[in-house]
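Throughout, protein chains are lettered first and strands after them, A, B, ... in sequence-line order, and every chain is numbered starting at 1.
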Protein chains: 2
Amino acid sequence: MKISFDDPSTALISRKVRPSYQRIKVLEYLIKNQCHPTVDQIFQDLQGEIPTLSKSTIYNTLKLFAAAGLIRVITIEENETRYDILTEDHGHFKCEKCGAIYNFAVDVDALATGDLTGFKVMEKNVYFKGICPKCL
Amino acid sequence: MKISFDDPSTALISRKVRPSYQRIKVLEYLIKNQCHPTVDQIFQDLQGEIPTLSKSTIYNTLKLFAAAGLIRVITIEENETRYDILTEDHGHFKCEKCGAIYNFAVDVDALATGDLTGFKVMEKNVYFKGICPKCL
DNA sequence: ATCAATTCTTGCAATCATTATAAAATTAGA
DNA sequence: TCTAATTTTATAATGATTGCAAGAATTGAT
């Protein structure tokens with residue numbers, strides 16, 4: 001189940017996703033920039049390498065990656081969605097001042113789920129909000 | 001710090017929010033309907049009682065309530081924001097099939113936060129996704 | 001109670017992220 | 001190389017949220 005992201009192309013193939021040029025570039029970008037980018041950030045940064053790139057492609061690609069279980073969708077923001085390469089389980093901390101999003105280790109399985117008998121839990125998310133050290 | 005929601009009007013006053021007719025009705029609605037409504041649901045349901053109601057008022061009011069610490073903003077959905085009266089800490093479970101959102105008890109303080117020294121944590125959120133018993 | 005000043009509500013226009021769609025480009029297999 | 005399927009692109013459409021300006025309601029001082 002664990003995916004190796006050493007080679008973007010083979011990671012895509014292992015998930016039955018055709019490794020097109022754009023898809024490889026987007027995945028490479030997500031591996032290098034584990035900063036929970038928005039669609040617009042990905043688009044802006046990749047335009048240099050791929051001048052003909054369309055924002056639709058980013059949307060299509062991210063939706064495909066999420067369905068294939070390669071990435072996770074983060075919805076801390078009220079307006080904009082962010083994306084995260086699937087690594088070990090971790091929580092997200094959002095600074096309400098500067099907007100930065102940090103990762104932190106968290107043992108999600110330690111969370112009590114007594115109320116959830118009969119539910120099929122497929123994804124566990126933890127996010128905190130507050131002020132980061134830089135802004136304090 | 002704990003708010004009593006027995007009387008909406010006094011709850012508003014205790015948080016330094018002027019208890020206008022619309023605000024009282026919105027707060028009453030949130031107390032009665034602890035089902036994480038969207039802006040549109042609140043608007044549709046309150047239009048019967050307040051024919052002149054505007055959706056802007058709902059947005060203004062909810063923003064004000066959130067700033068006053070009366071409600072919490074839930075961003076599980078990718079597109080629409082939901083709102084929740086502040087009660088005890090609880091997690092949210094979203095069924096990916098029917099879209100319903102359930103509450104479940106969770107001990108958020110049991111979560112390890114070792115990585116977050118130097119951070120000022122103001123809000124802790126836990127949400128799961130999966131399939132609910134009705135849809136299984 | 002009256003009047004002026006402030007605050008709240010309303011309606012509509014503007015914004016912005018996301019989705020839909022159809023045409024053009026690319027790729028895979030014969 | 002040729003054809004069919006897939007992918008990318010560009011543009012238009014959608015839909016939630018915000019901005020703004022005018023009207024309505026409320027407060028406090030006289």
Just jot down the side chain to side chain donor-acceptor pair (under 3.5 Å) partners of [X], sequence neighbours excluded, or say none.
| X | value |
| --- | --- |
| Asn79(A) | none |
| Asp89(A) | none |
| Asp45(A) | Tyr29(A) |

Exercise. Should Val106(A) and Met122(A) be regarded as members of a common hydrophobic cluster, given that ILVMFWY residues are connected when their side-chain heavy atoms come within less than 4.5 Å of each other, either directly or indirectly?
Worked result: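 No.
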If you look only at distance, which donor and acceptor atoms sit under 3.5 Å apart when one is on a side chain in residues 46-57 of chain B and the other is two or more places apart or in another chain?
{"unit_1": "Glu49(B)", "atom_1": "OE2", "unit_2": "Lys25(B)", "atom_2": "NZ", "d": "3.0"}
{"unit_1": "Ser54(B)", "atom_1": "OG", "unit_2": "Ser56(B)", "atom_2": "N", "d": "3.1"}
{"unit_1": "Lys55(B)", "atom_1": "NZ", "unit_2": "Asp40(B)", "atom_2": "OD1", "d": "2.6"}

Problem set entry | Asp115(B) vs Tyr102(A) side-chain heavy atoms within contact, under 4.5 Å |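 No, side chains not in contact.
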Problem set entry | Any side-chain heavy-atom pair of Gln22(A) and Ser20(A) under 4.5 Å |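 Side chain of Gln22(A) against side chain of Ser20(A), heavy atoms only: contact under 4.5 Å found.
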Collect all protein-nucleotide pairs involving nucleotides 23-30 of chain C in which both atoms are nitrogen or oxygen and the distance is under 3.5 Å.
none

Problem set entry | Centroid separation Phe128(B) to Phe104(B) less than 6.0 Å |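 Yes, close enough.
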Problem set entry | Contacts of type side chain to side chain contact (heavy atoms under 4.5 Å, CB included), residue Ile13(B), not counting sequence neighbours |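 Only Ser9(B), Pro19(B) meet the side chain to side chain contact (heavy atoms under 4.5 Å, CB included) criterion with Ile13(B).
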In whole angstrom, give the distance that lies between atom [atom1] of [X] and atom [atom2] of [N].
| X | N | atom1 | atom2 | value |
| --- | --- | --- | --- | --- |
| Glu80(B) | dT19(C) | CD | C1' | 15 Å |
| Glu49(B) | dT9(C) | CD | C1' | 17 Å |
| Gln22(B) | dG11(C) | CD | C1' | 14 Å |
| Leu46(B) | dT9(C) | CG | P | 13 Å |

Problem set entry | Exercise: identify the closest heavy-atom pair between Gly118(B) and Leu136(A) |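 In terms of heavy atoms, the two residues are closest at O-CD1, 3.3 Å.
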For this session: For His36(A), enumerate each residue passing the ring pair (Phe, Tyr, Trp, His ring centres under 6.0 Å) test, keeping only those at least two apart in sequence or located in another chain.
Result: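 Partners of His36(A) under the ring pair (Phe, Tyr, Trp, His ring centres under 6.0 Å) test: His92(A).
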Exercise. Which residues satisfy the ring pair (Phe, Tyr, Trp, His ring centres under 6.0 Å) test with Phe93(A), sequence neighbours excluded?
Worked result: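 Residues passing ring pair (Phe, Tyr, Trp, His ring centres under 6.0 Å) with Phe93(A): Phe119(B).
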Exercise. Reckon Thr81(B) touches a base, only the sugar-phosphate, or nothing at all at heavy-atom distances under 4.0 Å?
Worked result: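 Touches sugar-phosphate only.
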Exercise. Base, sugar-phosphate, or nothing for Thr52(B), non-hydrogen atoms under 4.0 angstrom?
Worked result: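 Sugar-phosphate, backbone atoms only, no base.
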For this session: Name every residue in residues 53-67 of chain A that has at least one heavy atom under 4.0 Å from any atom of DNA chain D, in order of residue number, or write none if there are no such residues.
Result: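 Here the set is Leu53(A), Ser54(A), Ser56(A), Thr57(A), Asn60(A).
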Exercise. Of all residues at least two apart in sequence or in a different chain, which pass the salt bridge (Lys or Arg N to Asp or Glu O under 4.0 Å) check with Arg23(A)?
Worked result: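 Per chain and number, Arg23(A) pairs via salt bridge (Lys or Arg N to Asp or Glu O under 4.0 Å) with no residue.
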Exercise. Between the two end axes of the helix from dA1(C)-dT30(D) to dA30(C)-dT1(D), each built from 5 base pairs, what angle do you get to the nearest 10°?
Worked result: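 That helix has its two terminal axes inclined by roughly 30°.
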Exercise. dT9(C) phosphate, OP1 or OP2: any side-chain N/O from Ser20(B) under 4.0 angstrom?
Worked result: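 Answer is yes, contact under 4.0 Å.
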Exercise. Can you pull the contact range of chain A along DNA chain D, 5' to 3', using atoms under 4.0 angstrom from its heavy atoms?
Worked result: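 From 5' to 3', the first and last contacting nucleotides are dT6(D) to dT11(D).
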